[in-house]
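Input: a single structure, listed below in structure tokens.
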Number of protein chains: 2
Amino acid sequence: MSPSHIHVPADCRTVTEILSRVGDKWSVQVVVQLGGGPKRFNELRRIVGGISQRMLTLTLRGLERDGLVTRTVYPTIPPRVDYQLTGLGCSLLKTVRGLGDWAIANRDEILAARRRFDAESGDDHGAGQKQSNAA
Amino acid sequence: MSPSHIHVPADCRTVTEILSRVGDKWSVQVVVQLGGGPKRFNELRRIVGGISQRMLTLTLRGLERDGLVTRTVYPTIPPRVDYQLTGLGCSLLKTVRGLGDWAIANRDEILAARRRFDAESGDDHGAGQKQSNAA
DNA sequence: CCGTATCCGGAGGGATACTG
DNA sequence: CAGTATCCCTCCGGATACGG
């Protein structure tokens, strides 16, 4: 699979690979919420907030595919479906919390740097930079 | 700012925020490479491989804006520009390595789950699922 | 209640050409 | 060498409507 056995510090390609998995708009939020125990579809939908049913379905399917969550169907009427983190999903959650801690710890510093940068950009060197990137 | 003061375990919004910063296609790769010491523009371009100069510029600008890398210009001819991780960038790199370690440790398990899922999808329940999500 | 199918706008990102 | 500007196309993701 690899064209050559390149071997950078933390095996860059693998990191990028998992980041593509988890770096989308909703996966992490869903995993975090599932960290509080199994949830039903619409329950999850309400808690996450702002996600469309389409995106929730796709996100859950992706997580299920990668063995991070399980999907349990109860063939009742009305139907009931539970989603739950697997062991793999739990371990991912822990790792993601590490990133979360970093984010919380350094959030202010990042925001400050951002303001500084934006201030200089729209300043005196004539190149009217318009970066109003409100994350 | 927030419509309501929701407050999930690891402050979900902040995690998502930083993930939007780092979860794009190239940021992590650039940060990892910069972890090996300061690099020049085209040097970085070669090492990363597959990135366009447009994207490298945008990625570096973004990282610079957030205070993760510094940009040093030497007004020589031909011009020379060095990019280097800041302290903040280094600490991010460490955190990302945590995720990287997880990715490496669980890569096989994920790939296995993926194959299993794909096998069942194109199989016997008739609903031709076509999710070839190749990261 | 739990999805799937379709439509569609907009952001992401590659290729290329030009500048200092 | 180190960028910037433009074009263009793909895919993400929201809205809506329908099926089991």
Side-chain angles (χ1 to χ4, degrees), chain A residues 16 19-30 38-65 69-84 121 125-135, chain B residues 16 19-30 34 38-65 69-84 121-122 125-135:
Chain A
T16 304
L19 231 56
S20 311
R21 163 72 293 216
V22 126
D24 65 272
K25 201 172 177 183
W26 301 109
S27 289
V28 166
Q29 296 207 47
V30 170
K39 301 267 180 300
R40 302 183 54 174
F41 188 85
N42 278 335
E43 191 182 356
L44 215 38
R45 190 148 117 75
R46 268 184 298 273
I47 302 178
V48 172
I51 191 172
S52 60
Q53 74 275 51
R54 171 187 152 79
M55 274 304 110
L56 183 53
T57 302
L58 288 179
T59 302
L60 287 168
R61 281 282 183 282
L63 295 171
E64 189 194 357
R65 185 166 109 104
V69 309
T70 57
R71 177 173 180 272
T72 313
V73 183
Y74 302 94
T76 60
I77 294 184
R80 174 200 177 102
V81 181
D82 275 22
Y83 292 93
Q84 174 171 209
S121 286
H125 25 95
Q129 273 296 99
K130 269 314 187 24
Q131 275 295 88
S132 45
N133 191 346
Chain B
T16 304
L19 230 56
S20 311
R21 163 73 292 221
V22 126
D24 64 273
K25 201 173 178 184
W26 301 109
S27 289
V28 166
Q29 296 207 48
V30 170
L34 249 30
K39 301 268 180 299
R40 301 181 55 172
F41 188 86
N42 279 335
E43 191 181 356
L44 216 38
R45 192 148 117 77
R46 268 185 298 273
I47 301 178
V48 171
I51 191 172
S52 59
Q53 73 273 53
R54 171 188 150 81
M55 275 303 111
L56 182 53
T57 301
L58 287 178
T59 301
L60 287 168
R61 281 281 183 283
L63 294 171
E64 190 194 356
R65 185 167 109 104
V69 309
T70 57
R71 178 173 180 272
T72 313
V73 183
Y74 302 95
T76 60
I77 293 183
R80 174 200 177 100
V81 181
D82 275 23
Y83 292 92
Q84 172 170 210
S121 287
H125 24 99
Q129 270 295 101
K130 261 334 183 12
Q131 274 297 85
S132 44
N133 191 344

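Order of the sequence lines sets the chain letters (A, B, ...), proteins ahead of strands, with each chain counted from 1.
The nearest whole Å value for the distance from the CZ atom in R61(A) to the P atom in dG13(D) is 17 Å. Residue L56(A) contributes atom CG, which lies 14 Å from atom C1' of dT4(C) at whole-angstrom precision. One interatomic measurement links the two molecules: CZ of R45(B) to C1' of dT4(D), which rounds to 14 Å at whole-angstrom precision. Look at CD on E43(B): it is 12 Å from P on dC1(D), rounded to the nearest Å. Rounded to whole Å, the distance from CZ on F41(A) to P on dG20(D) is 18 Å. Whole-Å rounding puts the D82(B) CG to dA2(D) C1' distance at 12 Å.
One axis for each end of the helix from dC1(C)-dG20(D) to dG20(C)-dC1(D), each built from five base pairs, and the angle between them comes to 40° at 10° resolution.
Taking 4.0 angstrom as the limit, R80(B) places none of its side-chain polar atoms (N or O) nearer than this to OP1 or OP2 of dA2(D). At the phosphate of dC1(D), neither OP1 nor OP2 sits under 4.0 Å from any side-chain N or O atom of Y83(B).
Rounding to the nearest 0.5 Å gives a distance of 7.0 Å between OG1 of T57(A) and CD of Q53(A). With rounding to the nearest 0.5 angstrom, the CG atom of L56(A) is 11.0 Å from the CD atom of Q29(A). How far NZ of K39(B) is from CZ of R46(B): 11.5 Å, rounded to the nearest 0.5 Å. The CZ atom of R54(A) sits 10.0 Å away from the OG1 atom of T59(A) when rounded to the nearest 0.5 Å. Expressed to the nearest 0.5 Å, how far CG of L19(A) lies from CG of D24(A) amounts to 10.0 Å. Distance CD1/I51(A) to CH2/W26(A): 5.5 Å, rounded to 0.5 Å.
Taking 4.5 Å as the limit, every side-chain heavy atom of P79(B) sits out of range of all side-chain heavy atoms of V73(B).
Across dT16(D), dT4(D), dC2(C), the shortest atom-to-atom separation from the side chain of Q53(B) is found for dT4(D). Of all nucleotides listed (dC1(C), dG3(C), dG3(D)), dC1(C) comes nearest to the side chain of N42(A).
Heavy atoms of R71(A) sit under 4.0 angstrom from primed sugar atoms or phosphate atoms, though from no base atom.
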Base-contact (B) and sugar-phosphate-only (S) positions in nucleotides 8-14 of chain C, heavy-atom cut-off under 4.0 Å, - elsewhere: -----BB
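Of all heavy-atom pairs spanning P78(A) and T76(A), the tightest one is O-OG1, 2.8 Å.
Checked against salt bridge (charged side-chain N to carboxylate O under 4.0 Å, His left out), R71(B) has no partners two or more places apart in sequence or in another chain.
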